[in-house]
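So you know, we letter chains A, B, ... as the sequences are listed, proteins then strands, and number each from 1.
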Amino acid sequence: AQSVTQPDIHITVSEGASLELRCNYSYGATPYLFWYVQSPGQGLQLLLKYFSGDTLVQGIKGFEAEFKRSQSSFNLRKPSVHWSDAAEYFCAVGAGNNDMRFGAGTRLTVKP
Amino acid sequence: GAVVSQHPSRVICKSGTSVKIECRSLDFQATTMFWYRQFPKKSLMLMATSNEGSKATYEQGVEKDKFLINHASLTLSTLTVTSAHPEDSSFYICSARVTGGVETQYFGPGTRLLVL
């Protein structure tokens with residue numbers, strides 16, 4: 001079965017600084033990969049997804065992620081963080097069936 | 001597009017009562033909907049997969065008689081927490097997968113359940 005690891009529980013960055021959130025997955029075949037963002041007390045919003053093709057994926061709100069098969073990673077990046085980006089971020093892997101696994105999440109704090 | 005709603009957003013109930021949570025796909029048809037539970041500061045735990053017109057598939061450890069799921073139409077799935085207890089207090093989130101689309105789930109805003 002697939003699994004997802006987000007090594008960083010909590011990250012703090014200054015507003016305007018760059019951001020990278022790490023995600024590693026375990027799956028035998030080419031996975032479907034997702035990044036979601038969750039604000040407090042809210043549901044999940046899809047930031048971006050990777051199914052195939054170009055390994056650099058552009059998402060909403062200026063986020064991008066790069067699929068690296070050799071490293072089993074799908075890290076999320078943003079060149080300049082805004083205060084409104086403070087939230088919980090979840091990486092997820094789907095296996096082409098009904099099974100989607102979520103990482104434990106990374107909480108992002110943005111310092112003024 | 002791909003908007004999913006949940007109702008209610010918050011509910012407080014007494015121990016022993018039942019609570020129904022609705023999940024609707026507003027602008028698309030969803031053959032498959034999913035129910036998740038999220039504990040404070042934790043990730044999402046898949047409870048069950050709901051398929052329109054058939055019985056839900058429950059994850060290991062989830063009591064199907066306690067968490068009743070009905071998916072009566074292509075746009076509506078309901079989760080009923082029966083005989084709720086304080087330990088059932090949690091954030092319940094549903095998601096819907098676009099019928100015939102690629103493997104993307106769109107999530108509802110969640111329902112905060114507090115059982116007193």
Asks: Could you state whether B:Leu113 and B:Leu68 fall into the same hydrophobic cluster, counting links through intermediate Ile, Leu, Val, Met, Phe, Trp or Tyr residues with side-chain heavy atoms under 4.5 angstrom apart?
Replies: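 No, B:Leu113 does not connect to B:Leu68 through the hydrophobic network.
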Asks: Do any N or O atoms from the side chain of B:Ser43 and from the backbone of A:Gly105 form a donor-acceptor pair under 3.5 angstrom?
Replies: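 No, the answer is negative, given that no donor and acceptor are paired below the 3.5 Å cut-off.
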Asks: Would you check if the distance from the ring center of B:Phe34 to the ring center of A:Phe102 is below 6.0 Å?
Replies: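 No, they do not, as the ring centres are separated by 6.0 Å or more.
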Asks: Just wondering, do A:Phe90 and B:Gln38 contact through their side chains at under 4.5 Å, heavy atoms?
Replies: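 They are in contact (side-chain heavy atoms under 4.5 Å apart), so the answer is yes.
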Asks: Under 4.5 Å between side-chain heavy atoms, counting indirect links through other Ile/Leu/Val/Met/Phe/Trp/Tyr residues: same cluster for B:Val115 and B:Leu79 or not?
Replies: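 Shared cluster, yes.
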Asks: Within the 4.5 Å heavy-atom criterion, are A:Arg101 and B:Leu44 side-chain neighbours or not?
Replies: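 No, side chains not in contact.
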Asks: Is there a path of hydrophobic side-chain contacts, each under 4.5 Å between heavy atoms of I/L/V/M/F/W/Y residues, joining A:Ile60 to A:Val110?
Replies: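 Yes, one cluster joins them.
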Asks: Would you mind listing every side chain to side chain donor-acceptor pair (under 3.5 Å) that reaches into residues 54-65 of chain A, with sequence neighbours excluded?
Replies: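 The answer is A:Gln45-A:Lys61, A:Gln58-A:Glu64, A:Glu64-A:Arg77.
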Asks: Can you find a heavy atom in the side chain of A:Gln38 that is under 4.5 Å from one in the side chain of B:Phe91?
Replies: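 Sidechains of B:Phe91 and A:Gln38: in contact.
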Asks: In terms of hydrophobic clusters joined by side-chain contacts under 4.5 Å, are B:Met33 and B:Tyr58 together?
Replies: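 No, B:Met33 and B:Tyr58 fall in different hydrophobic clusters.
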Asks: Please give me the minimum heavy-atom distance between B:Gln105 and A:Tyr36, naming the atom from each residue.
Replies: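 Distance-wise, the nearest heavy atoms are O-OH, 2.7 Å.
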Asks: Taking B:Met45 as the starting point, is it possible to reach A:Val4 by hopping between hydrophobic residues whose side chains are less than 4.5 Å apart?
Replies: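 No; tracing contacts between hydrophobic side chains, which count when under 4.5 Å, never links both residues.
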Asks: Starting at CG of A:Leu44, measure out to OH of B:Tyr106 and round the result to the nearest 0.5 Å.
Replies: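 Here the rounded value is 13.5 Å.
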